[in-house]
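Quick note: residue numbers are just sequence positions, from 1.
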Amino acid sequence: MLTDKQIRETLLEKLKKDNSEKSFRIVEELVICDGLARADVALINGKLHGYEIKSDLDTLERLPNQKKYYDLTFEKSTIIIGKKFENKIFDFIPEHWGVILAYENKFGNITFKMIRSAKSNKSTLSDGLLDLLWNDEIKVLLKSNNIKGYSNKPKTYLKELVNMNINYRELVDYAKETLKNRTGWRADLP
């Protein structure tokens with residue numbers, strides 16, 4: 001019976017090793033869709049990739065909601081499951097989600113077995129990406145595109161301005177670079 005902590009530690013090690021020669025950032029417990037869900041682990045590199053962990057001690061009760069919000073936010077999503085869910089996980093996730101089985105091998109180490117690779121998600125929305133950004137970061141994007149009239153405006157208004165004036169691809173690239181290089185984030189704390 002693997003725990004979330006065991007799976008997470010193995011995942012973090014793997015992501016760091018696999019991305020060691022790239023510019024990347026890993027964020028644990030990333031709040032998405034203005035707090036409607038949290039990604040267990042997010043990898044920000046050439047893609048915005050969310051990882052959901054369902055250990056042998058978990059249930060799938062929250063997965064339908066989590067799936068909805070992951071799909072609004074992440075370019076790719078992968079679920080890492082304990083053996084308990086091996087035979088039923090495909091009833092709960094879309095075809096573009098990746099699936100990794102975590103288990104303890106005969107040497108007592110946690111091993112990952114790729115069941116299905118994640119494919120590109122076509123359901124992301126600009127609002128899902130904008131929810132990841134802070135107001136000041138959205139204002140920098142607006143300013144760099146010579147858009148005016150947003151001083152002291154709420155985030156909903158800033159999001160509308162972006163949606164009306166900035167193309168989606170530019171927003172995706174900006175969001176990834178901003179998240180990768182953000183300072184003063186709770187993830188920066190020791």
Side-chain angles (χ1 to χ4, degrees), residues 11-12 15 18-19 22-54 60 62-80 92-100 116-188:
L11 173 62
L12 294 173
L15 293 177
D18 291 351
N19 291 279
K22 304 174 190 167
S23 171
F24 74 97
R25 185 173 207 164
I26 296 169
V27 181
E28 293 183 71
E29 299 298 324
L30 178 65
V31 174
I32 58 177
C33 294
D34 267 346
L36 295 173
R38 276 181 198 269
D40 287 325
V41 175
L43 172 65
I44 306 154
N45 57 13
K47 293 277 183 201
L48 188 55
H49 195 144
Y51 291 86
E52 179 61 29
I53 298 168
K54 294 297 183 192
L60 300 179
R62 292 186 359 240
L63 188 56
N65 262 348
Q66 291 169 317
K67 175 184 66 174
K68 177 171 79 173
Y69 298 123
Y70 269 64
D71 280 351
L72 294 174
T73 306
F74 294 109
E75 295 172 286
K76 288 189 173 185
S77 296
T78 297
I79 189 163
I80 303 169
F92 288 86
I93 58 166
E95 288 185 19
H96 61 271
W97 275 49
V99 179
I100 296 173
R116 180 171 76 194
S117 294
K119 297 180 189 100
S120 290
N121 169 24
K122 308 292 187 220
S123 304
T124 56
L125 294 177
S126 59
D127 279 359
L129 295 170
L130 288 165
D131 286 342
L132 296 173
L133 300 175
W134 295 340
N135 285 11
D136 288 345
E137 294 166 339
I138 296 172
K139 288 177 182 178
V140 168
L141 176 62
L142 292 167
K143 184 176 182 179
S144 71
N145 281 276
N146 297 315
I147 298 163
K148 298 179 179 8
Y150 53 79
S151 184
N152 299 318
K153 298 291 184 186
K155 189 170 189 177
T156 52
Y157 184 80
L158 299 177
K159 288 164 60 173
E160 282 179 38
L161 278 177
V162 169
N163 286 329
M164 290 186 307
N165 294 288
I166 297 172
N167 78 53
Y168 179 74
R169 193 72 246 158
E170 182 180 348
L171 172 60
V172 171
D173 293 341
Y174 177 79
K176 285 188 285 196
E177 282 307 306
T178 299
L179 294 171
K180 262 197 305 192
N181 297 305
R182 180 185 279 170
T183 57
W185 208 353
R186 63 175 167 70
D188 298 330

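Counting heavy atoms from C-beta on, the side chains of Val140 and Thr178 never come closer than 4.5 Å. In this structure, Asn145 and Val162 have side chains that are not in contact, with every pair of non-hydrogen atoms separated by 4.5 Å or more. Using a 4.5 Å cut-off on side-chain heavy atoms (C-beta onward), Ile80 and Val41 make no contact. Counting only heavy atoms from C-beta outward, the side chains of Lys153 and Glu160 never approach each other to under 4.5 Å. Glu29 places a side-chain heavy atom less than 4.5 Å from the side chain of Asp40. Within the 4.5 Å cutoff, the side chain of Tyr174 has no heavy atoms near those of the Leu129 side chain. Between Tyr150 and Ile138 there is no side-chain heavy-atom pair separated by less than 4.5 Å.
Listed by first and then second residue, the salt bridge (Lys or Arg N to Asp or Glu O under 4.0 Å) pairs involving residues 130-142 are Asp131-Lys159, Glu137-Arg182 (not counting sequence neighbours).
Taking CD of Glu52 as the start and NZ of Lys67 as the end, the distance is 12.5 Å to the nearest 0.5 Å. Tyr69 OH to Asp34 CG: the interatomic distance, rounded to the nearest 0.5 Å, is 11.0 Å. If you take CZ on Arg116 and NE2 on His96, they are separated by 9.0 Å, rounding to the nearest 0.5 Å. Expressed to the nearest 0.5 Å, how far CG of Leu72 lies from CG of Asp127 amounts to 9.0 Å. For the atom pair Leu161 CG and Leu142 CG, the distance stands at 5.5 Å (nearest 0.5 Å). To the nearest 0.5 Å, the span separating OG1 on Thr78 from CD1 on Ile53 amounts to 11.5 Å.
A distance-only check finds a donor-acceptor pair linking the side chain of Lys155 to the backbone of Leu133 [under 3.5 Å]. Of the possible donor and acceptor atoms, none in the side chain of Tyr70 sits under 3.5 Å from a partner among the backbone N and O of His49. Side-chain atoms of Asn19 never come within 3.5 Å of backbone atoms of Lys22 as a donor-acceptor pair (strictly under, hydrogens ignored).
Residues Glu170 and Leu141 come closest through the heavy atom pair OE2-CD1, 4.0 Å. Contact record, Trp134 with Gly184: CH2-O, 4.0 Å, taken as the closest heavy-atom pair. Closest of all the heavy-atom pairs between Ser77 and Ala118 is O-CB, 3.4 Å. Across every non-hydrogen atom of Asn121 and Asp71, the tightest pair is ND2-O, 2.8 Å. The shortest non-hydrogen separation linking Tyr51 to Leu15 is OH-CD2, 3.5 Å. The heavy-atom pair separating Leu43 from Phe24 by the smallest distance is CD1-CD1, 4.0 Å.
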Point to revise | Intermediate values then yes/no, salt bridge (charged side-chain N to carboxylate O under 4.0 Å, His left out), Lys122 and Glu95 | key: CA-CA 12 Å; Lys122 308 292 187 220; Glu95 288 185 19; over 6 Å; no
**Study point:** Worked verdict on Lys47 versus Ser120 for side-chain contact (heavy atoms from CB on, under 4.5 Å)
**Key:** CA-CA 9 Å; Lys47 293 277 183 201; Ser120 290; 4.1 Å; yes
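Here the rule is side chain to side chain contact (heavy atoms under 4.5 Å, CB included) with Lys176, and of Leu171, Ile44, Asn45 only Ile44 fits it.
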